[in-house]
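Because the structure is predicted, anything quoted here is derived from the model rather than measured. Letters go in sequence order (proteins before strands), and every chain restarts at 1.
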Amino acid sequence: MPVDIPAVVLHNTRLSPDYNVIALQAPALAALAAPGQFVMLKTAPGLDPLLRRPFSIFELLRDDNGALRGLTVLNKRVGIGTGLLYDAKPGDQISCLGPLGRPFVPVDAPAQAWMVAGGVGLAPFVTLAEALAARGTSMTLFYGGRSAADLYYAEWFEAQGARLVLTTDDGSRGEPGRVTGPLARELAALAPEAAVTLYACGPTPMMRAVADLGTTHARTTFVSLEPVMGCGMGGCYSCVVRVHRPGGTHLVRSCIDGPVFDASALVWDALAGGH
Amino acid sequence: MPVDIPAVVLHNTRLSPDYNVIALQAPALAALAAPGQFVMLKTAPGLDPLLRRPFSIFELLRDDNGALRGLTVLNKRVGIGTGLLYDAKPGDQISCLGPLGRPFVPVDAPAQAWMVAGGVGLAPFVTLAEALAARGTSMTLFYGGRSAADLYYAEWFEAQGARLVLTTDDGSRGEPGRVTGPLARELAALAPEAAVTLYACGPTPMMRAVADLGTTHARTTFVSLEPVMGCGMGGCYSCVVRVHRPGGTHLVRSCIDGPVFDASALVWDALAGGH
Amino acid sequence: MADLSVRIGSLTLKNPIIAASGCFGYGVEYAKAFDISTLGGVAVKGLFLNEREGHAPPRIVETPAGMLNAIGLQGIGVHRFVAEKLPELRALGATTIVNVCGTTIDEYCEVSRVLSDHEGVHAIELNISCPNIKEGGIQFGCSLLGTHDVVSAVRKVTSLPLIPKLTPNVTDPASFARASEEAGADAVSLVNTFLAMAIDVETRQPKLTNGMGGLSGPAIRPIAVRMVYECRRAVKIPIIGMGGIATVEDALEFIIAGADAVQVGTANFVDPFLWQGLINGINAYLDRHGFASVANLVGQVRSR
Amino acid sequence: MADLSVRIGSLTLKNPIIAASGCFGYGVEYAKAFDISTLGGVAVKGLFLNEREGHAPPRIVETPAGMLNAIGLQGIGVHRFVAEKLPELRALGATTIVNVCGTTIDEYCEVSRVLSDHEGVHAIELNISCPNIKEGGIQFGCSLLGTHDVVSAVRKVTSLPLIPKLTPNVTDPASFARASEEAGADAVSLVNTFLAMAIDVETRQPKLTNGMGGLSGPAIRPIAVRMVYECRRAVKIPIIGMGGIATVEDALEFIIAGADAVQVGTANFVDPFLWQGLINGINAYLDRHGFASVANLVGQVRSR
Ligand SMILES: Cc1cc2nc3c(=O)[nH]c(=O)nc-3n(C[C@H](O)[C@H](O)[C@H](O)COP(=O)(O)OP(=O)(O)OC[C@H]3O[C@@H](n4cnc5c(N)ncnc54)[C@H](O)[C@@H]3O)c2cc1C
Ligand SMILES: Cc1cc2nc3c(=O)[nH]c(=O)nc-3n(C[C@H](O)[C@H](O)[C@H](O)COP(=O)(O)OP(=O)(O)OC[C@H]3O[C@@H](n4cnc5c(N)ncnc54)[C@H](O)[C@@H]3O)c2cc1C
Ligand SMILES: Cc1cc2nc3c(=O)[nH]c(=O)nc-3n(C[C@H](O)[C@H](O)[C@H](O)COP(=O)(O)O)c2cc1C
Ligand SMILES: Cc1cc2nc3c(=O)[nH]c(=O)nc-3n(C[C@H](O)[C@H](O)[C@H](O)COP(=O)(O)O)c2cc1C
Ligand code: FES
Ligand code: FES
């Protein structure tokens, strides 16, 4: 049951020249949110741009009494709409539609949850980590960025009890190289009976690499996809991805059948092109 | 030689629920401005709305050393663009094209200048009054509004040495009724040889009434028209008004042949329809 | 409270506000957001006889005050529709208008026949105007003869209200409305999307995998209003107008131009909760202007 | 620095950026703002043989990402033009393209003949596509025969580069480009405006005194790009593309779709100083992508 809220911008925190976190007042929406769901934001009033943009729910905001106030979005500026969100001012109103999409299903102990995040792909994992922490599931965050400055919120996850495995392209923090490097090593080192579920979000090639590792090491892997979405509600069929089904494959809408998918269900070659 | 300046909003002063004065930083443009000229403002970035809107240059802004800083616009909210200007925040950027159009020609003593303003029609008279004051021409402002609260800036004109003749529909300040009432009486009372030039800006019916009085009393009358304008530069032919010419009438572009016209040249019946 | 009902052949719509085909899934997707039985009608995604994949993504791209789409009529086919979606639509109380596609006249007829055999289908919108598929659709919609032939053929196999959906990609849409009327259509709907194209200048490739797509949204509204106005002067049957409707004023503009009912597509993507506001707004306008019914407002444009 | 020149028949344009007819007055109006000789060309307001008043205001109305106009081709007539404006345009060094209108083939010919007798007219753009006037224009532009007849008739009376301007209000603009080519045109330009309408719902009157008007601006760009793409595949002669161009990317999109040069109309109202930026931007793109000349980029769209 999604709602549409004319959310007031509470604050806009710039993390870098292209990343920011924007806080939106939307208690009714926050109350409905499940881990890994997304919202459709109208990045400006009027017709330019016309369509909403999809964003993962990043943090849930609570007041001092713990009552839900709204949510935040981790925004990476790549074009018009994300540029407008980067420039948003407190007091601005941004229509916020959601929560939308299939959420992550958090595993329970003794199974462990390994989260694998690349860049802005960190966004859906805050709500997942909270859910995992709540059920006492032990968790690890494999988190890669260009350099140390790009590893936002790592400490927050640590505070939640997550084990951190960090990598940077330039080696300025954690292990140099891709996040899939240490992930591959740790999966190989796992005892066969050790129950581990992988959750990945980031650039498509990275998610695919994680999915392949999951297959190789027979561990269930969930990915959260980020295709272009026109409506987020199942109305337009713009967001389709190819999945296996008995006797073949077909195209399903990632806004309602996703954005979270079991990686083994996806036809990855078909995803290469899209976002 | 018009210029186009990405002007920063210095401040936005609300005068009422539908009037505001917006100050724009545009020294280079202000330096070129003549009395009664106008600018074309892009009321929002992007394509909504697409076209600029024409506004009279209201005040010229000077810094403490008297150097020109920019200009203000007296805005009345009637739709999308004027609504955006009403809501403009300091720091916003508004592209400002101008100065445009034929200016008022200030008369010299012994001739007197009688300015007749209705509502937002006051806008072009601040620059005219400064020019008149500079040449020592004695001036009168006939100024009408709905009620006392709508007679903005009357004191400013008084300070410039203008004689004020105020009217309000509700009689809350000055004489009750239309501004053309006292104007008619004073024109009738004038000595035939007394040289007076009329300058009028306001609703079309009001300007027409002033023009008729000018004709009746054989006094030259200039009016500043406010038709819909697409470009303000003579490019589109959207802004035409009908004027007399030897052997008939024709349509001229009010953005370059106006907005200031000798009232006797205009075919007033043709104006009734438009703005 | 004015009378908002609209008659289309044997069908009476509660009100003139219809969800446009391809912009509202199969209707059921929106039932979790609001009560879709409050709509005048729900035009479901275009259906062929069999399941159809459509085009590879990207399938949409935003344009100034509009969007291009080249979905390629992905759909589950009429048989799965009547089995999997129709019962739910009936249970929800939706006034279901099925958008019927075909690559041949026989397919249009067969799909229509299947639908006619099932309870809960209230009308057939004949999609002879999809610009995004090679075979079928537009090939009928851009030929007066083709339009006449497919409409009269389907007319023979169904007694359901029959609504050919016309393309704007022709010189004179009114002549196609006339051809539809002569062929026995109960109403016409227009406009479908404008054939258009967007190119990424960095890659020099079309932004859509399909190359071309259909333009919809507010950008096209003034052209669509003109076409509805022209059709109103050409035919007596009801007209369902659409193209860029996003506000109450937009909907009223189409009705005043000559539309008996309107559809809303792209705007539903921007605001899936806009429906009640449109219905209430039209009612308020009718009351304010002293119209006893929306029917009295249809085509009431006054010359200047 | 890439080669920006464009050949149109016997004429060579400095660069592919042309001011569109009716959006740039007679050119002289803008000379006080910038040096109009820097433009590839200046297409002046449409001219009949005699002076013409045009329609009563309001003549324009804004629409989503566009505008409607019904100016009605107000103009001073060809004789006053050559006497009063042409000398100034020559003095300014403008590459002048005259937009020629007519109510009959004879008038098109007569206007073209007068222009051919004067120095400083560089090309004739034959306006057979104005949607805003009853007689003339569109009546030729919407008929293949009419197009062929008027183009070949004018071809006989002038050796100036002849550029029929095509309407988008037809099913297949490419066939009109072909008819123009066969009739001896040196190039075609498209698109003129889309016939459209806006209604004030409070008064229920059209917002334009003329009732209908022509839609221009960014809103129509995707449709115009498609039409240029189709024409490029239909004819060998140069194509001048236009319709909603406001940025360097927009201009490049048309060139990649198949336009040898482009015109900018509505965007000049929003930013009369955009010209140099467009010219520099195209040059920068060509250098960045390793094109020695703009001609090499024309029609270089790659299939996906
Ligand atoms: C379920 C979901 C969750 C998402 N969560 C987040 C998030 O938490 N934070 C965040 O910053 N972004 C997120 N995205 C991506 C975000 O929606 C896009 O970056 C955004 O729509 C781009 O809009 P724009 O107007 O800035 O770009 P545009 O100006 O529209 O386009 C600029 C460039 O961005 C590309 N682009 C357009 N849409 C997307 C897309 N969906 N993904 C990637 N590139 C795109 C275009 O192809 C173009 O190259 C998410 C996307 C989805 C589907
Ligand atoms: C030379 C000139 C100087 C002007 N000076 C001022 C000024 O100093 N202060 C000021 O507040 N306004 C001034 N105007 C009027 C102002 O330009 C319009 O009010 C404005 O363009 C309306 O834009 P909008 O987007 O708010 O209205 P829209 O949303 O475009 O339209 C809303 C309503 O306003 C009407 N409208 C549109 N254009 C005009 C117009 N030009 N005049 C009157 N009504 C119009 C429309 O018909 C419609 O009914 C001036 C106009 C001209 C031509
Ligand atoms: C994503 C999308 C999919 C569409 N699919 C269909 C379709 O399956 N059948 C059809 O007749 N029209 C289809 N249309 C056209 C719409 O029904 C409507 O005619 C058009 O979009 C204009 O209305 P709008 O501007 O309100 O969207 C589609 C439009 C869009 C945007
Ligand atoms: C106000 C206005 C007047 C126009 N007058 C003419 C004209 O006289 N002759 C002509 O061929 N086209 C005329 N046009 C059409 C433009 O030249 C151009 O074809 C069209 O506007 C599309 O380009 P644009 O979107 O860049 O404006 C006019 C357009 C506008 C907006
Ligand atoms: S985004 Fe519209 S169906 Fe998924
Ligand atoms: S506003 Fe364009 S010519 Fe006057």
May I ask you to decide if Pro206(D)'s main-chain N or O and Arg304(C)'s side chain share a donor-acceptor pair within less than 3.5 Å? yes

Main-chain N/O of Val201(D) paired with Tyr285(C) side-chain donor or acceptor, under 3.5 Å: yes

Among Val170(C), Val301(C), Ile199(C), Leu252(C), who wins on heavy-atom pairs under 4.5 Å with chain D? Ile199(C)

Measure the shortest side-chain to side-chain distance between Arg204(D) and Leu297(C) over non-hydrogen atoms and say whether it is less than 4.5 angstrom. yes

On a heavy-atom basis, which atom in Glu253(D) and which in Ala198(C) lie closest, and how many Å separate them? OE2-CA, 3.1 Å

Between Thr63(C) and chain D, which part of the residue has a heavy atom less than 4.5 Å away: side chain, backbone, both or neither? side chain

Please look at Phe254(C) and chain D and tell me whether the side chain, the backbone, both or neither of the residue comes under 4.5 angstrom of a heavy atom of that chain. neither

State plainly whether the residues Arg288(C) and Glu202(D) are in salt-bridge range, i.e. N to O under 4.0 Å. yes

Is Thr171(C) close to Asn169(D) at the side-chain level, that is, under 4.5 Å between some pair of heavy atoms? no

Any chance you could measure Ile220(D), atom CD1, to Ile220(C), atom CD1, to the nearest 0.5 Å? 13.5 Å

Side chain from CB out, backbone as N, CA, C, O: work out which of these in Leu215(C) comes under 4.5 Å of a heavy atom of chain D, or both, or neither. side chain

Output the distance between atom CG (Asp200(C)) and atom CD (Glu249(D)), rounded to the nearest 0.5 Å. 10.0 Å

Highest number of heavy-atom pairs under 4.5 Å with chain C: which of Thr209(D), Val225(D), Thr167(D)? Thr209(D)

Test item: Arg226(C) and Phe194(D) side chains (from C-beta on) under 4.5 Å apart, heavy atoms: no

Could you check whether any side-chain heavy atom of Gln205(C) comes within less than 4.5 Å of a side-chain heavy atom of Ser303(D), counting everything from C-beta outward? no

Between Arg302(D) and Thr203(C) the two heavy atoms that sit nearest each other are NH1-O, 2.6 Å

With chain D, which of Pro222(C), Pro168(C), Ala65(C), Gly217(C) has the greatest number of heavy-atom pairs at distances under 4.5 Å? Pro222(C)

Please look at Leu208(D) and chain C and tell me whether the side chain, the backbone, both or neither of the residue comes under 4.5 angstrom of a heavy atom of that chain. backbone

Counting only non-hydrogen atoms closer than 4.5 Å, does Leu68(C) touch chain D with its backbone (N, CA, C, O), its side chain (CB onward), both, or neither? side chain

Scanning both residues in full, the closest heavy-atom pair of Leu195(C) with Glu230(D) reads CD2-OE2, 3.9 Å

Most chain C-contacting option - heavy-atom pairs closer than 4.5 Å, from His289(D), Met227(D), Gln300(D): His289(D)

